[in-house]
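Nothing here was measured: the structure is a model prediction, and the numbers come from that model. Computed from heavy atoms alone, side chains included, the values below leave out hydrogens, waters and symmetry copies. As the structure lists them, so they are numbered: ligands from 1, and atoms in each ligand from 1.
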Amino acid sequence: MSFVEVIPSGAFSLSIGDIAPDKSISHRSAMFAMLADGESVISNFLRAEDTLNTLQIVKNLGADVVDNGTIIRISSKGIKEPSEILECGNSGTGMRLFCGLLSSANGHFVLTGDKYLRSRPMKRVTNPLISIGAKLDGRKDGDLAPLSIRGSSLKAFDYKSKIASAQVKSCMILAGLRADGVCRYTEPELSRDHTERMLKGMGADIVVDGLTTTINPLKKLLNPLTIRVPADPSSAFFFAVATAITPDASIVLEGVTLNETRIEAFKVLEMMGADITYKETDNRYEPIGDIAIKYAPLKAITIEDNISWLIDELPALSIAMACAEGESVVKNAKELRVKESDRISTVVTGLKACGIEVDEYEDGYKIKGGNLQKATIDSDGDHRIAMTFIIAGLKCGMKVTDIECINTSFPNFFELLKNITKVELY
Ligand code: S3P
């Protein structure tokens with residue numbers, strides 16, 4: 001198991017044009033290409049473990065994938081029954097979206113993942129799918145992978161979800177595209193909406209009205225996708241926090257999706273005092289542009305709304321909170337407990353090890369701003385926890401263990417970090 005020693009940094013002024021491409025959009029690009037009539041052309045696809053697993057599954061399902069290292073071309077003549085078990089690795093997005101895509105396909109499919117994914121809840125997708133006629137099963141009465149799917153015909157639905165989850169919503173939208181009538185999906189808060197935007201852009205008849213998405217079943221195959229995947233705001237955010245906690249630092253994060261369901265963490269950092277500006281430079285399926293951040297002293301904040309817009313950034317935000325003046329509170333964030341790790345527990349344990357006063361709640365935590373101290377932090381196999389405490393190390397130095405997981409989402413993280421400080425990898 002490898003580890004990293006991070007050395008505290010001084011001020012920096014940088015512009016980064018090669019932040020890892022967006023993970024959510026990369027997964028979807030590969031999967032949705034299977035619903036198109038013709039060749040989809042995808043550039044800047046995220047070449048990280050999670051999304052490369054999805055691309056491999058798309059190949060296993062019979063798609064023709066031509067990859068010249070820069071551009072990936074995908075064409076499909078329909079989903080074929082694979083002879084392999086479909087390996088989603090660490091990715092909940094991969095597993096949950098494939099459940100929706102495959103529930104109505106002809107054949108038998110088995111989805112599995114690494115030990116972390118095999119312990120994450122799947123009933124949130126298997127239950128609604130089974131209720132519309134899907135034939136799915138898994139360990140613990142269908143809650144845990146490996147999951148098996150026998151494709152079948154699906155009934156139209158009007159499903160009201162109790163959780164604001166883009167993975168569940170996307171799974172049900174994919175199922176709805178092949179159901180036997182008009183389907184409706186309602187969520188309690190708007191979650192990220194790449195699926196709706198991309199499928200509509202490909203010609204699907206999907207109507208979004210507030211929290212309800214109406215899905216009209218496909219009458220024909222969709223138009224192919226032509227997409228350049230923008231940079232991932234959740235990955236970019238680690239560098240935003242690095243800047244916000246380093247006096248006199250400034251950074252420009254280029255070519256990031258500015259989709260409002262994805263940049264809420266930057267808005268929170270702004271409310272905490274950081275100087276942040278946004279410049280839209282492009283718009284394809286969603287707005288894309290540059291985010292510029294300048295250091296300014298941070299003050300505490302309470303976060304209890306729009307949690308799904310912040311779900312991936314809350315660990316990194318906890319470092320900004322630890323460096324802010326006053327007590328910050330995160331509430332209504334129980335979903336953090338079922339991410340790649342129990343992120344309430346990993347954040348609280350990590351911050352305490354760094355000498356920060358933290359109270360843990362069932363659905364969040366309270367963090368008292370203070371002086372971060374060097375510690376040894378284990379990532380618990382969670383890429384965002386690893387990167388969170390590496391960024392904290394810019395303030396005080398840090399040893400972080402079990403860091404291979406960073407490859408699931410941000411393979412060039414250390415290359416970019418080396419522009420800011422010295423890191424020693426072991
Ligand atoms: C994702 C949705 C989020 C997020 C995950 C990616 C997606 O999960 O945490 O990293 O691509 O749809 P939930 O929608 O389950 O909260």
Side-chain angles (χ1 to χ4, degrees), residues 20-32 45-46 48-51 53-54 88-101 113 116-117 120-128 143 145 161-175 185 187-199 211 213 227 229-230 232-238 257 259 261-265 285-286 306-317 332-344 346-347 363 381-388 405-406 408-410:
D22 192 73
K23 188 150 72 79
S24 294
I25 298 176
S26 295
H27 278 300
R28 286 162 173 79
S29 304
M31 286 183 200
F32 298 174
F45 183 85
L46 173 63
E49 280 170 16
D50 275 10
T51 44
N53 277 323
T54 285
C88 301
N90 191 245
S91 176
T93 307
M95 183 165 286
R96 294 187 179 123
L97 269 62
F98 274 122
C99 282
L101 187 71
Y116 302 102
L117 184 57
R120 292 179 64 192
M122 292 298 149
K123 270 202 172 162
R124 54 183 57 202
V125 291
T126 56
N127 274 353
D143 197 29
S161 175
K162 290 203 175 67
I163 34 177
S165 160
Q167 295 179 354
V168 179
K169 175 173 63 175
S170 303
C171 164
M172 294 308 287
I173 291 176
L174 290 168
Y185 181 91
E187 53 187 342
E189 269 185 353
L190 185 66
S191 61
R192 67 186 67 182
D193 61 355
H194 306 297
T195 296
E196 300 87 303
R197 288 171 183 261
M198 291 170 71
L199 290 174
L211 300 174
T213 304
I227 190 166
V229 179
D232 193 320
S234 307
S235 296
F237 193 65
F238 292 106
T257 171
N259 179 326
T261 65
R262 295 297 305 282
I263 57 165
E264 183 71 3
Y285 303 105
E286 42 194 81
N306 269 356
I307 294 295
S308 71
W309 289 15
L310 292 167
I311 200 76
D312 289 342
E313 295 79 24
L314 283 170
L317 213 39
N332 299 327
K334 214 169 161 188
E335 272 295 298
L336 284 176
R337 294 215 180 261
V338 290
K339 288 294 170 187
E340 285 84 328
S341 68
D342 173 345
R343 285 184 180 157
I344 293 184
T346 40
V347 162
D363 66 344
D382 184 336
H383 55 136
R384 298 206 197 278
I385 296 299
M387 290 186 275
T388 291
C405 50
I406 292 173
T408 60
S409 65
F410 202 165

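- Side-chain contact check for His27 and Thr54: at least one donor-acceptor pair (N or O, by modelled atom type) lies under 3.5 Å.
- Residue contacts with ligand 1: Ser170 is placed with no nitrogen or oxygen under 3.5 Å of a nitrogen or oxygen of the ligand (distance criterion only).
- Looking at Glu335, His383, Lys339, it is Lys339 that brings a heavy atom closest to atom 13 (P) of ligand 1.
- In terms of protein heavy-atom proximity, atom 14 (O) of ligand 1 is closest to Ala166 N, 2.6 Å.
- Of the N and O atoms on the side chains of Arg124 and Ser165, not one donor lies less than 3.5 Å from an acceptor on the other residue.
- When hydrogens are left out, the protein atom nearest atom 12 (O) of ligand 1 is Arg28 NH2, 2.7 Å; that is the closest non-hydrogen contact.
- Between Arg96 and ligand 1, a contact under 3.5 Å exists for no N or O pair.
- Between Asp312 and ligand 1, at least one pair of N/O atoms sits closer than 3.5 Å.
- The closest non-hydrogen atom to atom 15 (O) of ligand 1, taken over Ser165, Gly94, Gly92, comes from Ser165.
- The N/O atoms of Gln167, backbone and side chain alike, include one that comes under 3.5 Å of an N/O atom in ligand 1.
- For NZ of Lys123, the number of neighbouring non-hydrogen atoms (other residues, nucleotides, ligands) closer than 6.0 Å is greater than 12.
- For Arg192, every heavy-atom contact with ligand 1 shorter than 4.0 Å involves the side chain, none the backbone.
- In this structure, a donor-acceptor pair under 3.5 Å is present between the side chains of Ser170 and Thr195.
- In this structure, Arg262 pairs ionically with Asp22, as a charged nitrogen and a carboxylate oxygen lie closer than 4.0 Å.
- Counted by atom type alone, Ser234 and Glu313 present one or more donor-acceptor pairs between their side chains at under 3.5 Å.
- Nearest to atom 6 (C) of ligand 1 among the protein's heavy atoms is Thr93 OG1, 3.3 Å.
- Judged purely by distance below 3.5 Å, without hydrogens or angles, the side chains of Thr346 and Ser341 pair a donor atom with an acceptor atom.
- Listed by number with element, the atoms of ligand 1 under 4.0 Å from a non-hydrogen atom of Ile311 are 9 (O).
- With hydrogens and angles left out, the side-chain atoms of Thr257 and Asn259 include no donor and acceptor closer than 3.5 Å.
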